[in-house]
Participant: 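Okay, here's the structure, questions in a sec.
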Amino acid sequence: KDIPSFIELPALEEKGQQAFTIEEVRRIYQVYEKGNWFAGCIILMIYTSMMPGELMKLEPSMIDLENCQILGVGIKTKLRKRSAVVFPSFIKPILEHLISRTGGKRILDGIDYYEKMSKLYYEVLEQANVSRLTPYACRHTTGTVLAHDPSVPDIVVASVLRHTKRSSERYIHRRDEAAHAAVENMPNPNAAG
């Protein structure tokens, strides 16, 4: 009667989370510089830790260029929904370009995630000649780069990724400032080197 109990499955081999290298990020940025606007979306996800669903939701009105943050774009958790997405100032020109394309609509207006966005994403990776990682690798790249910088405390990495971490409410303001400082220090793909 309990037939499923007789089924033996092979052991699950979980892959570790993968991230782009800084050199791969530079190559994606070069594709953007050559005129591929969607490469700018990938750079945006890498430098903000935005998830693909958040990029799909992003509207120009959510972007605060002056304060280098995006408000109201979070999805999935209460923390992400209420937290600002911070970005380094060198991403402003990319955001300005993406905003200029919209006509006031969503940044990816008319693009379906599972089909068209995925197609555009993998086309950029091919043009950049980089690893064929999933869109979530952008978020893992943010976390990996920040976590490997010994000057960035774990609480700040958690803040940038908008993960929960036990901390007092009085620490949140300082955490936001540290989050801005942390993303500013990520390697600029536009810099020579």
Side-chain angles (χ1 to χ4, degrees), residues 17-20 22 24-146 159-163 179-180 183 186 188-190:
Q17 299 299 340
Q18 295 182 307
F20 293 108
I22 296 306
E24 288 177 318
V25 174
R26 285 190 180 108
R27 291 201 303 257
I28 293 168
Y29 186 82
Q30 288 168 351
V31 171
Y32 171 73
E33 283 185 316
K34 291 178 183 172
N36 186 319
W37 70 273
F38 194 80
C41 293
I42 296 173
I43 293 294
L44 178 62
M45 287 194 301
I46 289 170
Y47 283 91
T48 62
S49 83
M50 286 176 65
M51 296 181 288
E54 292 171 328
L55 180 63
M56 294 295 299
K57 181 181 173 184
L58 183 60
E59 298 176 8
S61 63
M62 298 172 170
I63 302 168
D64 179 353
L65 290 170
E66 183 178 333
N67 294 306
C68 294
Q69 62 186 7
I70 300 169
L71 303 167
V73 76
I75 59 173
K76 290 193 176 184
T77 67
K78 287 180 185 178
L79 178 61
R80 287 187 194 140
K81 288 176 182 177
R82 72 172 190 251
S83 297
V85 173
V86 298
F87 59 86
S89 58
F90 60 78
I91 295 298
K92 283 183 186 182
I94 293 175
L95 280 164
E96 289 169 339
H97 176 239
L98 294 175
I99 290 168
S100 74
R101 299 184 73 262
T102 68
K105 299 176 184 175
R106 285 183 305 113
I107 297 296
L108 297 182
D109 193 50
I111 295 179
D112 173 85
Y113 171 65
Y114 294 105
E115 292 177 17
K116 192 164 185 183
M117 181 183 168
S118 184
K119 181 177 185 255
L120 291 169
Y121 176 85
Y122 288 110
E123 284 175 357
V124 169
L125 298 190
E126 188 175 320
Q127 289 173 26
N129 193 27
V130 301
S131 303
R132 190 175 167 84
L133 303 179
T134 69
Y136 283 93
C138 297
R139 186 168 165 75
H140 295 294
T141 302
T142 312
T144 300
V145 169
L146 293 173
S159 175
V160 171
L161 295 174
R162 295 165 291 135
H163 282 171
H180 278 284
V183 297
M186 291 176 73
N188 184 338
N190 192 26

Participant: Please name the pair of heavy atoms, one in Met186 and one in Thr142, separated by the smallest distance, quoted to 0.1 Å.
Facilitator: CE-CA, 4.0 Å
Participant: Side chains of Leu58 and Leu108: closer than 4.5 Å at any heavy-atom pair?
Facilitator: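 No; the side chains remain at least 4.5 Å from each other.
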Participant: Just how far is it from atom CD1 of Ile43 to atom CZ of Phe87, taken to the nearest 0.5 Å?
Facilitator: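 It comes to 14.5 Å.
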Participant: For the side chain of Lys57 and the backbone of Gly72, is there at least one donor-acceptor N/O pair under 3.5 Å apart?
Facilitator: yes
Participant: From Thr141 OG1 over to Tyr136 OH, what is the distance, rounded to the nearest 0.5 angstrom?
Facilitator: 14.0 Å
Participant: Please lay out, stage by stage, how Cys41 and Leu55 fare under the test side chain to side chain contact (heavy atoms under 4.5 Å, CB included).
Facilitator: CA-CA 8 Å; Cys41 293; Leu55 180 63; 3.8 Å; yes
Participant: Applying the salt bridge (charged side-chain N to carboxylate O under 4.0 Å, His left out) test to Glu54, which of Lys76, Arg106, Arg80, Arg162 qualifies?
Facilitator: Arg162
Participant: How far apart are the C-alpha atoms of Met117 and Met56, what are their side-chain angles, what is the distance that settles it, and do they pass the side chain to side chain contact (heavy atoms under 4.5 Å, CB included) test?
Facilitator: CA-CA 9 Å; Met117 181 183 168; Met56 294 295 299; 3.4 Å; yes
Participant: Can you tell me how far the OG atom of Ser118 sits from the CD1 atom of Ile111, to the nearest 0.5 Å?
Facilitator: 12.0 Å
Participant: Scan the side chains in residues 91-98 for donor-acceptor partners under 3.5 Å anywhere in the protein, sequence neighbours excluded, and list what turns up.
Facilitator:
{"residue": "Lys92", "atom": "NZ", "partner": "Leu65", "partner atom": "O", "Å": "3.2"}
{"residue": "His97", "atom": "ND1", "partner": "Tyr32", "partner atom": "OH", "Å": "3.2"}

Participant: Taking Asp64 for its side chain and Glu66 for its backbone only, find out whether a donor-acceptor pair lies under 3.5 Å.
Facilitator: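 Indeed, once roles are kept as given, a pair shorter than 3.5 Å links the two residues.
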Participant: Considering non-hydrogen atoms only, spot the tightest contact between Ala84 and Leu71 and give its length.
Facilitator: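 Smallest heavy-atom distance, with atoms named: CB-CD2, 3.5 Å.
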Participant: Name every donor-acceptor pair, under 3.5 Å, that has one atom in a side chain of residues 45-52 and the other anywhere in the protein, sequence neighbours excluded.
Facilitator:
{"residue": "Tyr47", "atom": "OH", "partner": "Pro187", "partner atom": "O", "Å": "2.3"}
{"residue": "Thr48", "atom": "OG1", "partner": "Leu44", "partner atom": "O", "Å": "2.6"}
{"residue": "Thr48", "atom": "OG1", "partner": "Met50", "partner atom": "N", "Å": "3.2"}
{"residue": "Ser49", "atom": "OG", "partner": "Arg139", "partner atom": "NH1", "Å": "3.3"}
{"residue": "Ser49", "atom": "OG", "partner": "Val160", "partner atom": "O", "Å": "3.0"}

Participant: Show the nearest heavy-atom pair for residues Phe20 and Tyr121, with the distance to one decimal.
Facilitator: CZ-OH, 3.3 Å
Participant: If you take all heavy atoms of Glu33 and Asn190, which pair is closest and at what distance?
Facilitator: OE2-OD1, 3.0 Å
Participant: Specify the closest pair of heavy atoms between Ile107 and Trp37, including all atoms of both residues, with the distance to one decimal.
Facilitator: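 Here Ile107 and Trp37 meet closest at O-CZ3, 4.5 Å.
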Participant: Can you name the nearest heavy-atom pair linking Ile99 to Pro60, along with the distance?
Facilitator: CG2-CB, 4.0 Å
Participant: To the nearest 0.5 Å, what is the distance between CD on Glu123 and CG on Leu120?
Facilitator: 5.5 Å
Participant: Got a list of side-chain donor-acceptor pairs under 3.5 Å for residues 125-132, not counting sequence neighbours?
Facilitator:
{"residue": "Gln127", "atom": "OE1", "partner": "Asn36", "partner atom": "ND2", "Å": "3.2"}
{"residue": "Ser131", "atom": "OG", "partner": "Glu24", "partner atom": "OE2", "Å": "2.7"}

Participant: Verify side chain to side chain contact (heavy atoms under 4.5 Å, CB included) between Lys34 and Val31, making sure each step is shown before the conclusion.
Facilitator: CA-CA 5 Å; Lys34 291 178 183 172; Val31 171; 5.7 Å; no
Participant: Say you draw a straight line from CG of Asn188 to CZ of Phe90; how long is it, rounded to the nearest 0.5 Å?
Facilitator: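 Atom-to-atom, Asn188:CG and Phe90:CZ are 4.5 Å apart.
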